[in-house]
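To start, the structure under review is shown below, and the notes come after it.
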Amino acid sequence: MADYSAYQRGPGHAFYPQHAQNHLQSRNLPPRVRSPTTSARIPFNNPDTPSPSRSSGAQSPQQLAMFNQGHGHGNQGHNVMMNGGNRYAMQMNLGKPFQHNPSHQHHSQTHHQHQDHGTGAHANQFNHQHNVSSGGISNVQPHFGQNHMQNGTPGSVHNGLNKPVSEHWAEQLKLAQMAREMTQSHSHARNHPSVNKNVIAGTNSGTQKDADKEERNRPAGQMIQDGRENHVWTILDFGGQNLKTLTPTLFQYTFLTKLYLNCNKLSILPAGVGRLRNLTHLDASLNELRTLPPEIGMLVNLKQLLLFDNNINYLPPELGSLFQLEVLGVDGNPIPSEHKEIIMEESGTSKLIEHFRETAPGPEAPMERDIIQLDEVAAEQETVSALSYNILCDKYCTPSQYGYTASGALDWEHRRETILAELRERNADILCLQEIDQESYNDFFRPALAHNDYKGMFWTKTRARTMVEKDAKLVDGCAIFYKHSKYVLLEKQLIDFTNIAINRPDMKGEHDIFNRVMPRDDIAVIAFLENRVTGSRLIVGNVHVFWNPAFTDVKMVQVAILLESITKLANKWAKLPPCTDKVLYRFANGDDEEGNPIPDNTQTPGPSLEYSDAAQIPLILCGDFNSTPNSGIYEFITSGNMSNQHEDLGSRNYGNLTRNGVSHPFSLKSSYSPIGELNFTNYTPNFTGVLDYIWYSTNTLQVVELLGDIDSEYLKRVPGFPNYHFPSDHVALFARYVVKGKKEKRAVVEPDFGQGRDRQR
């Protein structure tokens with residue numbers, strides 16, 4: 001891509017030296033208060049003006065002038081940059097990102113009149129008037145008519161308004177005036193600092209996110225800055241091209257951060273614009289738009305959305321998702337009066353966006369998630385089903401974290417009822433919940449799920465131990481629920497990663513343990529269950545791994561400790577004696593309506609199965625692992641081994657883990673691996689990917705059924721979860737398995753062929 005920090009002289013690029021002022025002066029330009037009124041580029045038609053690269057004759061390219069103002073008007077004058085129209089248009093895909101600040105400090109945004117500065121020479125040289133806006137002079141007819149007042153505002157906006165103009169609206173009027181003057185081809189690119197040396201790069205006037213501040217427990221997504229780092233250019237200027245339509249290919253450039261479509265003839269903004277989710281600036285001013293697509297709500301990173309001087313008479317409620325929007329430029333559009341009044345108030349854009357967010361009806365309910373049948377299940381086969389769900393703890397579900405979501409959808413009472421409804425609908429044998437706090441477990445989920453035959457266990461993260469009760473009950477942790485009529489709980493165990501790490505003999509004294517692992521209070525919960533009827537036993541694990549992607553080594557340590565702990569527990573539990581108390585206490589069934597006794601369909605408990613070693617016990621491991629399928633954790637769990645040189649460990653020291661590596665004896669596989677994993681398990685504007693898994697032991701279980709992906713059509717207008725239909729930013733995972741029968745080892749009996757056998761030997 002071309003670098004416009006310096007221009008090469010050529011047929012379309014003529015730099016005029018200082019002495020060219022005399023030729024400019026000889027033109028005797030009449031006084032004017034605005035740019036020329038022609039809608040086409042102005043050819044340079046003074047044959048007496050020398051140009052080192054000017055083409056001669058009637059076929060010479062049209063030249064247009066761009067004024068780069070100096071710091072004084074003495075003998076320096078204006079430097080005039082002449083750019084061939086077609087040549088410049090072909091090269092304006094900048095070779096590097098550029099920034100555009102609508103309010104440069106060094107240029108006035110109002111109309112100026114050059115007057116006598118005290119020297120006759122200066123007065124004689126510059127006895128004219130001109131407009132200056134953002135460093136450039138408009139050379140084409142402004143895209144507005146007689147109804148615009150002197151400040152660039154359509155008279156229709158202020159008719160009947162006696163209120164003083166608010167600061168926000170005054171700023172919008174300035175931006176509107178700038179938009180009306182920047183009607184040249186590629187005007188934004190021309191005024192970029194890499195082209196116009198007198199333009200100072202702007203700074204973001206919006207609120208900045210503290211990069212060091214720990215957000216909610218999930219990996220940081222691919223942020224907008226990554227787009228600048230991974231691509232040579234991220235800004236595209238299609239301004240002033242008389243475009244009537246946009247190619248769909250444009251919307252494949254999802255890395256774009258700024259897109260300028262101003263001063264064209266677009267009547268429709270395609271729905272594909274919703275794919276450009278990294279955009280912070282979108283300028284579609286001076287077009288012929290009548291409405292906006294609902295997909296505009298997908299652009300939650302927008303800071304500026306400029307739509308000046310269109311024919312827009314309807315604003316979609318999906319604009320409510322644009323919680324970071326600082327300027328919604330609507331001047332010069334016949335938008336509804338109630339919306340106009342809101343945006344003209346002191347709070348301006350933010351108030352209108354809040355209005356849309358809180359009053360919008362929201363998207364239509366999605367199609368039900370498909371049930372994916374992987375294999376048939378015979379009636380006599382034993383099955384077990386498991387559900388894993390990070391339910392998004394109430395204290396993490398804040399408007400600052402999820403500004404694109406209506407407050408009603410963030411309300412905990414709404415969310416917990418929606419979560420409970422899904423848990424009941426799935427009706428899994430095992431429920432593993434992450435980010436459930438103590439108060440919610442004790443006061444809501446445990447009593448509510450008891451009506452559905454569930455019993456549970458729960459531990460908070462270890463920080464709760466140092467807190468007073470009122471604070472400790474708000475700390476989240478992990479919970480396991482199981483069908484009480486189907487399973488009996490044999491044992492349960494908390495896995496405290498930090499406590500285990502600092503007390504391991506091989507890890508004692510390691511600085512990385514104290515500096516990186518110990519400050520994290522993540523936990524896992526393990527349960528050992530037995531089927532009341534079949535006697536088969538089952539290990540269930542539920543874990544929430546540390547979230548920060550910069551701490552892959554900590555995640556590896558936590559998962560290594562988890563599987564090592566499960567191995568020790570499984571070896572111990574393989575030797576447990578048979579369970580003799582499996583009869584389920586039941587109340588009498590009573591009589592039916594006709595007075596006949598209701599039959600008791602309770603099955604007689606069977607004997608406990610015996611297991612010779614840890615790997616023979618069926619294992620289901622659920623959780624939010626905060627790791628993608630290409631991570632070291634995924635590799636370690638599925639392969640059973642991790643080298644001490646693994647890149648995720650870096651150069652850290654973690655005892656035997658980094659000296660000898662680590663392994664586990666289980667044959668584990670992701671339940672969703674037969675379909676290549678879900679499209680995502682975590683869905684937010686800045687991160688969409690798979691973080692949650694249900695692992696199972698392939699030698700003892702066979703996955704036969706899965707819960708499928710979210711409706712893709714629904715997602716085209718939903719920038720992120722949670723919302724009214726999905727109460728967490730994670731989605732639930734569900735899998736059903738067939739429990740494989742144990743292979744009995746039979747004694748080998750050698751056949752006896754009589755006395756002849758010995759003789760043959």
Side-chain angles (χ1 to χ4, degrees), residues 369-375 377 382-391 419 422-423 425-436 454 456 478-483 486-487 495 524-529 538-545 555 558-559 562-563 566 570 617-629 631 633-640 664 666-683 689-710 728 730-740:
R369 296 172 66 181
D370 292 334
I371 299 296
I372 303 172
Q373 200 73 33
L374 300 177
D375 205 347
V377 180
E382 178 188 354
T383 63
V384 57
S385 57
L387 180 146
S388 181
Y389 199 178
N390 182 325
I391 65 172
I419 293 167
E422 179 161 15
L423 298 180
E425 180 183 359
R426 304 302 174 198
N427 197 34
D429 298 322
I430 308 294
L431 303 177
C432 292
L433 306 182
Q434 305 90 40
E435 282 196 27
I436 176 174
Y454 286 106
C478 296
I480 296 177
F481 292 91
Y482 61 93
K483 286 285 188 178
K486 186 172 183 177
Y487 293 99
I495 308 297
V525 177
I526 312 296
F528 190 36
L529 306 172
L538 174 67
I539 298 175
V540 177
N542 185 19
V543 64
H544 193 178
V545 175
K555 299 181 187 185
Q558 290 180 344
V559 174
L562 171 64
L563 288 170
I566 292 177
I617 305 176
L619 170 62
I620 295 177
L621 181 57
C622 303
D624 177 359
F625 288 79
N626 275 314
S627 304
T628 57
S631 65
I633 283 182
Y634 193 101
E635 177 187 348
F636 169 52
I637 294 176
T638 55
S639 68
H664 66 79
F666 305 104
S667 175
L668 295 176
K669 190 175 182 180
S670 169
S671 300
Y672 280 87
S673 61
I675 63 170
E677 302 297 339
L678 291 172
N679 290 333
F680 61 82
T681 65
N682 180 240
Y683 185 66
V690 175
L691 302 175
D692 308 80
Y693 305 91
I694 304 179
W695 309 92
Y696 72 101
S697 52
T698 58
N699 61 314
T700 59
L701 299 170
Q702 177 186 352
V703 60
V704 294
E705 185 179 293
L706 297 170
L707 182 62
D709 278 305
I710 308 295
S728 172
H730 290 252
V731 298
L733 283 67
F734 174 91
R736 188 181 305 278
Y737 312 89
V738 167
V739 180
K740 296 181 179 179

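Note that the coordinates shown come from a computational prediction; the quantities given were computed from them, not determined experimentally.
- A distance of 13.0 Å separates NE2 in His544 from CD1 in Ile436, rounded to the nearest 0.5 Å.
- In this structure, CG in Leu562 is found 10.0 Å from CG in Asn542, a value given to the nearest 0.5 Å.
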Should Val377 and Glu705 be marked as a side-chain contact (heavy atoms from CB on, under 4.5 Å) after you check the CA-CA gap, both sets of side-chain angles, and the distance that decides it? CA-CA 10 Å; Val377 180; Glu705 185 179 293; over 6 Å; no
Please test Ile617 against Leu538 for side-chain contact (heavy atoms from CB on, under 4.5 Å), starting from the C-alpha separation and ending with a verdict. CA-CA 6 Å; Ile617 305 176; Leu538 174 67; 5.9 Å; no
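- Aromatic ring pairs are classed by plane angle as parallel below 30°, tilted from 30° to 60° and perpendicular above 60°; the pair Tyr737 and Tyr696 is tilted.
- With contacts defined as side-chain heavy-atom distances shorter than 4.5 Å, the pair Arg369/Ile710 qualifies.
- For the atom pair CG of Leu423 and CD1 of Ile391, the computed distance is 8.0 Å after rounding to the nearest 0.5 Å.
- Looking at Val543 and Gln558, their side chains never come closer than 4.5 Å, going by heavy atoms from C-beta outward.
- A donor-acceptor pair under 3.5 Å is formed between the side chain of Lys740 and the backbone N or O of Thr698.
- Atom CG of Asp624 and atom SG of Cys432 lie 12.5 Å apart (nearest 0.5 Å).
- Rounding to the nearest 0.5 Å places CG of Leu701 at 11.0 Å from OG1 of Thr383.
- A heavy-atom distance below 4.5 Å is found between the side chains of Tyr389 and Ile419.
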Show, in sequence, the C-alpha distance, side-chain angles and deciding distance for Tyr683 and Val731, and conclude whether the side-chain contact (heavy atoms from CB on, under 4.5 Å) test is met. CA-CA 8 Å; Tyr683 185 66; Val731 298; 5.7 Å; no
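- With contacts defined as side-chain heavy-atom distances shorter than 4.5 Å, the pair Pro674/Val703 qualifies.
- With hydrogens and angles disregarded, a donor-acceptor distance shorter than 3.5 Å links the side chain of Tyr672 to the backbone of Phe734.
- Proximity of a side-chain donor or acceptor of Asn390 to a complementary backbone N or O of His730 within less than 3.5 Å is not detected.
- Looking at Ile620 and Ile539, their side chains never come closer than 4.5 Å, going by heavy atoms from C-beta outward.
- Looking at Arg736, Lys483, Lys486 one by one, the single match for side chain to side chain donor-acceptor pair (under 3.5 Å) with Asp429 turns out to be Lys486.
- Here the closest non-hydrogen pair linking Gln373 and Asp375 is NE2-O, 3.2 Å.
- In this structure, OH on Tyr693 lies 7.0 Å from OG1 on Thr681, to the nearest 0.5 angstrom.
- Looking only at side-chain heavy atoms (C-beta outward), Leu619 and Thr700 stay at 4.5 Å or farther from each other.
- Residues Leu668 and Leu563 form a side-chain contact, since some pair of their non-hydrogen atoms from C-beta on lies under 4.5 Å apart.
- When all heavy atoms of Ala735 and Leu706 are compared, the pair lying nearest together is CB-CD2, 3.7 Å.
- The minimum heavy-atom distance between Gln434 and Cys478, with the atom names listed, is CG-SG, 4.4 Å.
- Between the side chain of Ser697 and the backbone N or O of Phe666, no donor-acceptor pair lies under 3.5 Å.
- Counting only distance, with no hydrogens or angles, the side chain of Lys555 and the backbone of Asn626 share a donor-acceptor pair below 3.5 Å.
- In plain terms, the two heavy atoms of Gly623 and Ser388 that are nearest each other are N-OG, 3.4 Å.
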If you apply the rule side-chain contact (heavy atoms from CB on, under 4.5 Å), what do you find for Glu677 with Tyr634, and how did you get there? CA-CA 12 Å; Glu677 302 297 339; Tyr634 193 101; 2.8 Å; yes
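- Closest non-hydrogen pair, Ile633 versus Ser627, comes out as CD1-OG, 3.3 Å.
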